[in-house]
Asks: 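Before I ask anything, here is the structure I am working with.
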Amino acid sequence: MVRVAILLLLRHGRTTANADGGLAGRQPVELDETGRAQATAVGERLTGLPLAAVVTSPLIRCRQTLRLALPDVEPVVEEGLIECGYGRWEGQPLKKLAKEPLWPVVQQHPSAAVFPEGESMAAMSARAVAAVRSWDARVTAEHGPEAVWLACSHGDVIKSIVADALGVHLDLFQRIVADPASVTAIRYTPLRPFLIRLNDTGGDLGGLVPPPPKRRRRAVRATDSDAAVGGGAGAAP
């Protein structure tokens, strides 16, 4: 299968709120010691990947993660990647929130969940998907179908982007996991996205490096969207 641009979704490292069992939302919480170590470690895994672009949520925990992981890169802030607006839920312990009437809706029917004085999960999903698809088209146009680019964001945001890539309803996105400092890889094509990696917290990312072009770059064709019947041979060694 001919490669097209690959998106790497990086969740920020663990924060003080994560460690304390709280819902940070858009509050300016920072990485804790574990989160800083996670960010440094994922930077080592990203070494050697020719990233055509790096974009980030504007929140400090994402910018801290990239500062540690990719210290020589100046990421572009993308508002569409900001955390879901949890409204009055922000800063509350998850144990307390689990007793709220809205909690079962968030768990079982998130597409209907609207946070008090906050954002709906459907709106969060729509603007996040629109942001990454727009960036992917831009990166492909500017750097070609072999490009690899990275977006640093938040757990629910990444899960919603993955749900869209899998073609599943937002109500199923709670089945997806995006751990702190995990890497998820998606390749968009004219027909369908392909989920290449999900919640990868320790694997070698070298297989995502595009091979050197053997001939003149060509435009992406419709057949590039075809799945490999039988599973294919995997990444080139």
Asks: Could you report the tightest heavy-atom contact between Leu51 and Val54, atom names first, then the distance?
Replies: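 Result for this residue pair: CD1-CG2, 3.9 Å.
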Asks: Drop me the distance from Thr201's OG1 to Asp179's CG, to the nearest 0.5 angstrom.
Replies: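 Spacing of OG1 (Thr201) from CG (Asp179) equals 6.5 Å.
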Asks: Quick one, Ser111 with Asp171, criterion side chain to side chain donor-acceptor pair (under 3.5 Å). Give me CA distance, side-chain angles, the key distance, then yes/no.
Replies: CA-CA 6 Å; Ser111 66; Asp171 286 346; 2.7 Å; yes
Asks: State the OG1-CD distance between Thr56 and Glu74, to the nearest 0.5 angstrom.
Replies: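 Interatomic distance, Thr56 OG1 to Glu74 CD, rounded to 0.5 Å: 10.5 Å.
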Asks: What pair of heavy atoms forms the shortest contact from Lys159 to Phe173, and how long is it?
Replies: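 Reported closest heavy-atom pair: CE-O, 3.2 Å.
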Asks: Any idea which heavy atoms bring Gly13 and Thr65 closest together, and the distance?
Replies: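 Closest pair (atom of Gly13, atom of Thr65, distance): N-OG1, 3.1 Å.
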Asks: Are Leu9 and Met124 in one and the same hydrophobic cluster, where Ile, Leu, Val, Met, Phe, Trp and Tyr link if side-chain heavy atoms are under 4.5 Å apart?
Replies: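 Leu9 clusters together with Met124.
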Asks: For the side chain of Arg127 and the backbone of Gly80, is there at least one donor-acceptor N/O pair under 3.5 Å apart?
Replies: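 Yes: the side chain of Arg127 pairs with the backbone of Gly80.
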Asks: In residues 20-27, what donor-acceptor pairs under 3.5 Å come from side-chain atoms, sequence neighbours left out?
Replies:
from, atom 1, to, atom 2, distance (Å)
Arg26, NE, Glu83, O, 2.9
Arg26, NH2, Glu83, O, 3.2
Arg26, NH2, Glu119, OE1, 3.1

Asks: Could you tell me the separation between the SG atom of Cys152 and the CG atom of Leu81, rounded to the nearest 0.5 Å?
Replies: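 Answer for the SG-CG pair, Cys152 versus Leu81, is 9.0 Å.
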Asks: Let me confirm one number: the CZ-CG distance from Arg45 to Leu205, rounded to the nearest 0.5 Å.
Replies: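 Taking CZ in Arg45 and CG in Leu205, the distance rounds to 4.0 Å.
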Asks: Start with the C-alpha distance between Phe115 and Ser120, add both sets of side-chain angles, then the distance that settles side-chain contact (heavy atoms from CB on, under 4.5 Å), and finish with yes or no.
Replies: CA-CA 6 Å; Phe115 294 98; Ser120 71; over 6 Å; no
Asks: Under the side-chain contact (heavy atoms from CB on, under 4.5 Å) rule, collect the residues that match up with Arg36, sequence neighbours excluded.
Replies: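 So Arg36 forms a side-chain contact (heavy atoms from CB on, under 4.5 Å) with Leu31, Glu33, Leu68.
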Asks: Begin with the C-alpha distance, continue with both residues' side-chain angles, and end with the deciding distance and a verdict on side-chain contact (heavy atoms from CB on, under 4.5 Å) for Arg187 and Leu7.
Replies: CA-CA 6 Å; Arg187 182 172 62 233; Leu7 161 64; over 6 Å; no
Asks: Identify the heavy atoms of Val29 and Ala17 that sit nearest to each other, and give their distance.
Replies: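 That would be CG1-CB, 4.2 Å.
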Asks: Evaluate the ring planes of Trp89 and Trp103, with Trp represented by its six-membered ring, and classify them as parallel (under 30°), tilted (30 to 60°) or perpendicular (over 60°).
Replies: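 Correct class here is parallel.
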Asks: Output every pair passing salt bridge (Lys or Arg N to Asp or Glu O under 4.0 Å) with a member in residues 86-101, not counting sequence neighbours, ordered by first then second residue.
Replies: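 Those involving residues 86-101 are Arg88-Glu117.
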Asks: Indicate if Ile176 and Ile158 have the same hydrophobic cluster label, given that clusters are the connected sets of ILVMFWY residues with side-chain heavy-atom separations under 4.5 angstrom.
Replies: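 Hydrophobic grouping puts Ile176 with Ile158.
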Asks: If you round to the nearest 0.5 Å, how far is OG1 of Thr140 from CD of Glu142?
Replies: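 It is 10.0 Å, given to the nearest 0.5 Å.
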Asks: Decide whether Leu170 and Leu198 are clustered together by the hydrophobic rule: side chain heavy atoms of Ile, Leu, Val, Met, Phe, Trp, Tyr closer than 4.5 Å, transitively.
Replies: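 In one cluster with Leu170: Leu198, yes.
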Asks: Just wondering, do Pro180 and His12 contact through their side chains at under 4.5 Å, heavy atoms?
Replies: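 With C-beta onward as the side chain, the pair stays apart.
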Asks: Evaluate Asp156 against Ser160 for side-chain contact (heavy atoms from CB on, under 4.5 Å), listing each step before the verdict.
Replies: CA-CA 6 Å; Asp156 281 350; Ser160 71; over 6 Å; no
Asks: Give the intermediate values and the outcome of side-chain contact (heavy atoms from CB on, under 4.5 Å) for residues Val132 and Val55.
Replies: CA-CA 9 Å; Val132 297; Val55 300; over 6 Å; no
Asks: Please name the residue in the list Leu8, Ile186, Ile6 that meets the side chain to side chain contact (heavy atoms under 4.5 Å, CB included) test with Ile196.
Replies: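 Of the listed options, the one satisfying the test is Ile6.
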Asks: Grouping I, L, V, M, F, W and Y whenever their side-chain heavy atoms are under 4.5 Å apart, do Trp149 and Ile161 come out in a common cluster?
Replies: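 Yes, same cluster.
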Asks: Please report the closest heavy-atom contact between Arg11 and Ala178, naming both atoms and the distance.
Replies: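 Looking at all heavy atoms of both residues, the closest pair is NH1-O, 2.9 Å.
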Asks: Quick check: does any side chain N or O of Gln174 sit under 3.5 Å from a backbone N or O of Val106, one acting as donor and the other as acceptor?
Replies: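 It does hold such a pair.
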Asks: Let me check something: do Leu172 and Met121 share a hydrophobic cluster, defined by ILVMFWY side-chain heavy atoms less than 4.5 Å apart, either directly or through other members?
Replies: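 Same cluster.
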Asks: Find the distance between CG (Asp200) and OG1 (Thr184) and round it off to the nearest 0.5 Å.
Replies: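 Answer rounded to 0.5 Å: 8.0 Å.
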Asks: Using modelled atom types only, decide if a donor and an acceptor are shared between the side chain of Arg138 and the backbone of Arg133 within a distance under 3.5 Å.
Replies: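 Judged by distance alone, no pair lies under 3.5 Å.
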Asks: Where is the tightest heavy-atom contact between Ala147 and Ala52, given as atom of each residue plus distance?
Replies: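 Heavy-atom minimum between the residues: CB-CB, 4.0 Å.
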Asks: Please confirm whether the backbone N or O of Arg14 pairs with a side-chain atom of Gln38, one donor and one acceptor, at under 3.5 Å?
Replies: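 It does hold such a pair.
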